[in-house]
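Basis for what follows: all heavy atoms, side chains included, without hydrogens, waters or symmetry-related copies.
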Amino acid sequence: MRRALLPLLLAAALLGGCSTPEPEPAPAPAGGAAALPGPVPDADLALRPAPGSAPAAPAFTGALTDGTPFAAAELWAQRPVVLTFFSSWCTTCASSQAALSELARSYRDRVVFVGVAGADQADEVQDYLRAHRVEYPVVLDDQQTIWRSYAVREPPAVVLVAKGGALLRGWPGGLDAPTLDQRLRELVLADKP
């Protein structure tokens with residue numbers, strides 16, 4: 001009798017009685033390709049022309065937090081870009097990041113925020129991005145090459161680039177979200193006719 005039950009028990013175990021649960025897929029890295037903007041909302045985007053005397057912003061390429069290749073000039077060819085230079089260990093960055101993240105969400109697809117993380121470790125950047133709900137793309141700048149091209153010596157720093165790539169303004173030491181919002185309205189966004 002035992003011999004007759006053994007194949008039945010074995011078959012039941014194989015058919016799902018003792019299945020092991022599938023492991024949960026790892027969440028996508030924050031700041032990766034999923035954070036890139038959607039199509040340009042041309043119907044509701046009125047922009048001020050960049051001053052003719054504005055220099056060209058240094059174009060750069062790099063990799064997002066998930067390894068996706070990134071070219072800044074491709075973004076600012078279509079819309080204004082705010083570059084935020086930060087490090088996960090920067091307490092000033094951390095204290096203003098939640099408000100900057102909220103501002104980036106409010107401008108989603110009209111003005112693109114791009115983080116540039118330098119002098120940092122990828123896992124610590126991920127912890128920072130998740131803790132502060134950063135939902136915009138983030139370029140890893142381990143060697144601080146991008147930082148140097150923008151004369152950033154230490155975080156935080158904010159740089160505003162017009163549609164087309166003109167360098168409008170930079171703020172070493174960063175900028176709080178209400179002031180950045182005001183500057184975006186003054187330098188970039190035009191009232192719709």
Side-chain angles (χ1 to χ4, degrees), residues 27-42 44-45 47-88 93 97 100-101 103-126 128-130 132-172 174-175 180 183-184 187-189:
L36 288 168
V40 176
D42 46 30
D44 66 345
L45 185 60
L47 301 174
R48 295 185 194 284
S53 61
F60 64 89
T61 59
L64 298 178
T65 59
D66 64 358
T68 301
F70 176 83
E74 290 177 11
L75 272 186
W76 66 53
Q78 300 179 8
R79 63 192 110 204
V81 172
V82 173
L83 300 173
T84 64
F85 293 85
F86 73 97
S87 293
S88 67
C93 302
Q97 186 61 64
L100 283 176
S101 293
L103 185 62
R105 281 188 285 281
S106 73
Y107 279 107
R108 178 92 182 144
D109 296 331
R110 297 181 300 146
V111 176
V112 179
F113 283 60
V114 175
V116 183
D120 223 326
Q121 301 296 317
D123 58 336
E124 292 172 2
V125 170
Q126 278 303 301
Y128 177 94
L129 298 178
R130 292 188 195 291
H132 298 287
R133 297 182 52 223
V134 177
E135 297 171 4
Y136 49 82
V138 174
V139 179
L140 297 176
D141 188 21
D142 299 337
Q143 302 300 313
Q144 295 177 289
T145 307
I146 302 166
W147 281 34
R148 283 192 298 277
S149 70
Y150 281 87
V152 174
R153 294 174 190 244
E154 62 184 327
V158 174
V159 173
L160 183 54
V161 180
K163 177 182 176 181
L167 181 61
L168 294 177
R169 181 79 198 267
W171 293 273
L175 197 61
L180 179 55
R183 297 297 186 204
L184 284 169
L187 297 171
V188 175
L189 302 175

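The CG atom of Leu180 sits 5.0 Å away from atom CZ of Phe113, with the distance rounded to the nearest 0.5 Å. Atoms OG and CD, from Ser88 and Gln97 in turn, are 11.5 Å apart once rounded to the nearest 0.5 Å. Rounding to the nearest 0.5 Å places CG of Leu184 at 9.5 Å from CZ of Arg110. The CG atom of Leu175 sits 7.5 Å away from atom CZ of Arg183, with the distance rounded to the nearest 0.5 Å.
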- request: Verify side-chain contact (heavy atoms from CB on, under 4.5 Å) between Leu75 and Val161, making sure each step is shown before the conclusion.
  value: CA-CA 10 Å; Leu75 272 186; Val161 180; over 6 Å; no
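When all heavy atoms are compared, the tightest approach of Ala157 to Pro172 is CB-CA, 4.3 Å. In plain terms, the two heavy atoms of Gly31 and Leu64 that are nearest each other are O-CB, 3.7 Å. Here the shortest heavy-atom pairing between Val139 and Gly62 reads CG1-CA, 4.1 Å. Here the shortest heavy-atom pairing between Pro155 and Ser87 reads CG-OG, 3.8 Å. Considering all non-hydrogen atoms of both residues, Ala117 and Val125 come closest at CB-CG2, 3.9 Å.
Among residues two or more places apart in sequence or in another chain, the side-chain contact (heavy atoms from CB on, under 4.5 Å) test is passed with Ala122 by Leu140. Residues forming a side-chain contact (heavy atoms from CB on, under 4.5 Å) with Arg133 (at least two apart in sequence, or on another chain): Arg105, Glu135. Applying the salt bridge (Lys or Arg N to Asp or Glu O under 4.0 Å) criterion to Arg169, with sequence neighbours excluded, gives no partner residue. Partners of Ala33 according to the side-chain contact (heavy atoms from CB on, under 4.5 Å) rule, which considers only residues two or more places apart in sequence or in another chain, are Leu36, Asp66, Thr68.
Within a 6.0 Å sphere centred on CD of Glu124, heavy atoms belonging to other residues, nucleotides or ligands number more than 12.
Taking the six-membered ring where the residue is Trp, Tyr150 and Phe60 present perpendicular rings, their angle passing 60° and hence far from 30°.
The side chain to side chain donor-acceptor pair (under 3.5 Å) pairs that include a residue from residues 140-149 number zero, where partners must be two or more places apart or lie in different chains.
Considering only heavy atoms from C-beta on, Val116 stays 4.5 Å or farther from Val138 through its side chain. Within the 4.5 Å cutoff, no side-chain heavy atoms of Tyr128 are placed close to those of Asp120.
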Which atom pairs, donor and acceptor, lie under 3.5 Å between side-chain atoms of residues 76-84 and protein residues at least two apart or in another chain?
from  : atom 1 : to     : atom 2 : distance (Å)
Arg79 : NH1    : Gly38  : O      : 3.3
Arg79 : NH1    : Asp109 : O      : 2.8
Arg79 : NH2    : Gly38  : O      : 3.1
Thr84 : OG1    : Tyr136 : OH     : 3.4

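For Thr65 (side chain) and Gly32 (main-chain N/O), a donor-acceptor pair under 3.5 Å exists by modelled atom type.
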